[in-house]
2 protein chains.
Amino acid sequence: MDDDQLKKHFEEIIALTNDEYEYIRSHFKRRIIKRKRYLLQAGDKVTNTFWVKKGLLVACYHDESGKEHVVQFAMENWWITDYPAYFSQGNATLSIESIEDCEVYALSFDDREKICKEFHKVEYFFRKKANSGYAALQRRMLSFLSDDIKGRYELLLKQYPALLQRVPKSIVASYLGVSRETLSRLH
Amino acid sequence: MDDDQLKKHFEEIIALTNDEYEYIRSHFKRRIIKRKRYLLQAGDKVTNTFWVKKGLLVACYHDESGKEHVVQFAMENWWITDYPAYFSQGNATLSIESIEDCEVYALSFDDREKICKEFHKVEYFFRKKANSGYAALQRRMLSFLSDDIKGRYELLLKQYPALLQRVPKSIVASYLGVSRETLSRLH
DNA sequence: GTTTTACTGTGATGTACATCACATCTTCAA
DNA sequence: TTGAAGATGTGATGTACATCACAGTAAAAC
C-alpha cells in the first residue's frame, strides 16, 4: 500500500488502528503536480492544508513590485499551506509552487476539524504539530533578529542540509532575507 | 471572584461548566511580580507557560555581546514563555522580564498535558491558540521579509496601538529589528 | 544535438542603517 | 525636594548590503 508513509507520519505521535487510519485517510485527497507549477495561487480561497509525500515546494509572497519573498519550504513529511488564510478561511496572500515533481495529500479545514472532533488523539496530533511549528518559527525569528547573514545561513545548513542541496540558491537567499549575490559572496 | 477573567478567556473558544473551570483553574499558580523583574531567566529549566491577567512582559534574547533582542510581548490575556524550551522541556535561551507590575498564572507543561488529555475541549482550545499564534508569527516573519522599517512599524501600530503606548521605544525598536535611533528618525 | 533558459559568481556603485556621542527632558528613587 | 537614571532625538561617520551589469557554466526544452 502506497500510503504507509502517511500512517507512519501519524504514528510518530499517536497510535492508530488500521480502521482508524483508513477512516482518517479517506478525508485526504491525493494531488500530483509537476515541477514549476502552482499548488496554490495568491488570491485563491484557501480551503486545504497539504502533507507532502514526495517532492519539494515553497510558499512565497510577491510584493507590489513583483519581488518574491520565500516564507516556507516543504519537503517530504512536512505540511504546507497559507496558514493565516487557511485558519481564517480567507484568500491566500501566499503562492505555493513546486520545485520538483510532487505528490501531496490535501486535507480541507472542515475535514480537519471533523476528524479532530471525532478523535481526541487526532486533536492531540495536530496540537503537537502546531506547537512544534511555532517553536521552529520562533527560533527562525530569533535568528533573524540576532544573527548576521552568515550565522543565519549556517544555522539553516545545519538544520536542513539535504534540503539545501535540492533548492536553487536564489530561493535560499530569499528565505534568508538577502539577495542571491550577497549569499554567493559568503562562500 | 477575581479570576472570572481566566474563565472568560477560555470561554472565548470553549464552553465550560463552573466545576470544569474550577478543576482546570486548580492547575494554575498565581504569580505577582513587580516591574523590571525576571519571570524567567536564560538558563533556567522551563516548566511553565504563563497567562497574563494584568501587566506587560517581554521575552528577550541576549546575544554573546550582551545586546538584547525582543522576541515577544505579552499583555493582558496573552500567553508567554520560551516556547522551544517549554515544549522540549529544556533550558531557556530567552529571558522574560516585566515592563509593569504583573499578575500572571503559571501552568506547567505536565499539567497542561494532563488537562488536555482529560478534556478533549481543552485540547481543542490549545490547538486553536497554537494555530492563531503560528499565523500571527508567520505574518510577522513575512513583514520582516518584505516590508521596510516604516512599513513594519506601521503594521505594528495598526495591530497593537495600545501596546505601543505602554512600551519604551527602545524595546519596540528591538522587536522590529532596528536601533532605537533609526526608529526615532521615522517620525 | 542545438538552442534557450536558468543558475551562479564577480565587479562597481550608492545608500540605509548601526554606532557613537551628546544634549535635553521626563520619570524614578532616596 | 533633589539627584540619579531612563528615555528620546539629533548629528556625524563608516559599512554591509542591494542593485545593476556582465560573463560563464549547467540544465532544460525542442
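Just so you know, these numbers use all the heavy atoms, side chains as well, and skip hydrogens, waters and symmetry mates. This is a predicted model, so every value here is computed, not measured. Residue numbers start from 1 in every chain, and the chains themselves are labelled A, B, ... in the order their sequence lines are given, proteins ahead of strands.
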Quick one: B/Phe144 CZ to C/dC17 C1', roughly how many Å, whole number?
14 Å

Considering only side-chain heavy atoms of A/Pro168, which listed nucleotide, C/dC7, D/dC17, D/dT8, is closest?
C/dC7

Are more than 12 heavy atoms from other residues, nucleotides or ligands located less than 6.0 Å from atom NZ of A/Lys114?
yes

Atom-to-atom span, CG of A/Leu186 to P of C/dG9 - whole angstrom
10 Å

Separation of atom CG in B/Leu183 from atom P in C/dA16, rounded to whole Å:
17 Å

Closest listed nucleotide, where the reference is the side chain of B/Ser184 and the choices are D/dT8, D/dA18, C/dC7
D/dT8

Listed nucleotide nearest any side-chain atom of B/Arg180, set D/dT19, C/dC22, C/dA18
C/dC22

Report the distance from atom CG of A/Leu176 to atom C1' of D/dC17, rounded to the nearest whole Å.
14 Å

Can you tell me whether the side chain of A/Arg185 and the base of D/dT19 have a donor-acceptor pair closer than 3.5 Å?
yes

Here the distance between atom C1' of D/dT19 and atom CD of A/Glu68, to the nearest Å, is 18 Å

With the side chain defined as heavy atoms from C-beta on, A/Ser179 is closest, among D/dT10, D/dA18, C/dT8, to D/dA18

Tell me, please, which residues at least two apart from B/Lys34 pass side-chain contact (heavy atoms from CB on, under 4.5 Å).
B/Arg37, B/Asp101

Rounded to the nearest Å, what distance is computed from the CD1 atom of residue B/Ile149 to the P atom of nucleotide D/dC17?
14 Å

Pi-cation contact, A/Tyr175 with A/Arg140 (under 6.0 Å, within 45°):
yes

Report, as yes or no, whether the 6.0 Å neighbourhood of atom NZ on A/Lys117 holds more than 12 heavy atoms from other residues, nucleotides or ligands.
no

Looking at A/Phe126, I'd like to know if the NZ or CZ of A/Arg112 sits under 6.0 Å from its six-membered ring centre while staying within 45 degrees of the ring's axis.
yes

Distance in angstrom units between B/Lys169 NZ and D/dG9 C1', rounded:
11 Å

Counting only distance, no hydrogens or angles, is the base of C/dC20 paired donor-acceptor with the side chain of B/Glu181 under 3.5 Å?
yes

Consider the side chain of B/Arg35, meaning its heavy atoms from C-beta on, and name the nucleotide among D/dG6, C/dA29, D/dA18 that approaches it most closely.
C/dA29

Return the value, rounded to whole Å, for the distance between atom CZ of A/Arg166 and atom C1' of C/dC7.
18 Å

